[in-house]
Undergrad: 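Mind looking over this structure? Questions follow.
All chains are named by letter (A, B, ...) in the order of the sequence lines, taking the proteins before the strands, and each is independently numbered beginning at 1. Since we're looking at a predicted model, the values are computed, not measured. Computation of the quantities below employed the complete heavy-atom set of this structure, encompassing side-chain atoms and omitting hydrogens, waters and symmetry-equivalent molecules.
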2 protein chains.
Amino acid sequence: MMQPSPDLLFKALADPSRRALFERLCLDGEQTVGALTAGAGISQPAVSKHLGILKQAGLVLDRHEGRQTHYSAQQRALAPLVDWTGRMNRFWEARFDDLEDLLKRMDQ
Amino acid sequence: MMQPSPDLLFKALADPSRRALFERLCLDGEQTVGALTAGAGISQPAVSKHLGILKQAGLVLDRHEGRQTHYSAQQRALAPLVDWTGRMNRFWEARFDDLEDLLKRMDQ
DNA sequence: GACATCCATAACTATATGGTTATGAGAAAA
DNA sequence: TTTTCTCATAACCATATAGTTATGGATGTC
């Protein structure tokens, strides 16, 4: 399974409306387009377009049920972002390495 | 010192040319505008404009020396990004929670 | 002083982008 | 079947953005 490029992720998350949608899905769980539109401050077609972009970036999954579409966050998709920041930041890289070591030791 | 908002960071890093400049500064260290322009594939004014945006986002620092300007990466500026991805990702949150629990138990 | 070099800013252009309204496809309800 | 509801797409518009060339200020060199 191909990981989405950091480029796609950065571009998808650079827009505040899109980031807000993704945050809602991350924090509140699966939502229909209608529910997401309520409180988004933009029209339903705008929401749909944003969700399409998030989906193309691998950040959300959609599930069709009757006439509604449910969207949910694919949080694993953030992995390339975490990797990228880690590569750019030696300090954090060290912290993550420590964490991984500890988790490995916990498994044993 | 105010941390830059995730919005500024995402927007600054959403552009490939800008991200490439930041990556070079992270990986290869301090560079002059001339050095950065060589191999950037865009004109010197374009590079200067991008550096200005990175600077406003807190991602780079500039240092004037004679007629050249040296830019360097401010890697700490990525912290809000790391925080944000952490908040959006239950997996990592849970792992961190587990880690905290373990550390507490170890202390006792 | 005269000239060259480095960088930033100004002015402009083409395209990308985020929003809108209008519309239509498909599923549920009547 | 007819109507209603949910969502996606089409068509369009205004603005933002990333690039360009031109220029000028400041510093180093001759």
Undergrad: Please determine whether a side-chain nitrogen or oxygen atom of B:S17 lies at a distance below 4.0 Å from atom OP1 or OP2 of D:dA18.
TA: no
Undergrad: Taking atom P of D:dC5 as reference, at what distance in whole Å does atom CD of A:Q44 sit?
TA: 14 Å
Undergrad: Name the closest nucleotide to the A:Y71 side chain, picking from C:dG18, C:dA8, D:dA8.
TA: D:dA8
Undergrad: Would you kindly give the CZ-to-C1' distance between B:R63 and D:dT27, to the nearest whole Å?
TA: 16 Å
Undergrad: Between C1' on D:dA18 and NZ on B:K11, what's the gap in Å once rounded to a whole number?
TA: 15 Å
Undergrad: Counting only side-chain heavy atoms from C-beta out, which of D:dA8, C:dG19, D:dG19 sits nearest to A:K49?
TA: C:dG19
Undergrad: Consider the side chain of B:R18, meaning its heavy atoms from C-beta on, and name the nucleotide among D:dA8, D:dA18, C:dA8 that approaches it most closely.
TA: D:dA18
Undergrad: Select from B:D62 and A:E65 the residue whose nearest nucleotide in DNA chain C is closer to the 5' end of that strand.
TA: B:D62
Undergrad: Atom CD of residue position A:E30 - does it have more than 12 heavy atoms of other residues, nucleotides or ligands inside 6.0 Å?
TA: yes
Undergrad: Just how far, in rounded Å, is P of C:dA8 from CD of B:Q56?
TA: 14 Å
Undergrad: Determine whether a donor-acceptor pair (one donor, one acceptor, N or O, separation below 3.5 Å) exists between the side chain of A:R67 and the base of D:dC5.
TA: yes
Undergrad: May I ask you to say whether A:R87 pairs ionically with A:D83, meaning some side-chain N is under 4.0 Å from a carboxylate O?
TA: no
Undergrad: Whole angstrom is fine here: how far is it from CG in A:L51 over to C1' in D:dT9?
TA: 14 Å
Undergrad: Would you mind classifying the nucleic acid contact of A:Q68 as base, sugar-phosphate or nothing, using non-hydrogen atoms under 4.0 angstrom?
TA: sugar-phosphate
Undergrad: For B:T32, answer base if it contacts any base atom (sugar-phosphate contacts may also be present), sugar-phosphate if it contacts only those atoms, and nothing otherwise; contact means non-hydrogen atoms under 4.0 Å.
TA: sugar-phosphate
Undergrad: Nearest to the side chain of A:I42 - D:dG19, D:dA22, C:dG19?
TA: C:dG19
Undergrad: Less than 4.0 angstrom between a side-chain N/O of B:S43 and OP1 or OP2 of D:dT20, yes or no?
TA: yes
Undergrad: Ignoring backbone atoms, test whether B:T69 places a side-chain nitrogen or oxygen under 4.0 Å from the OP1 or OP2 oxygen of C:dA8.
TA: yes
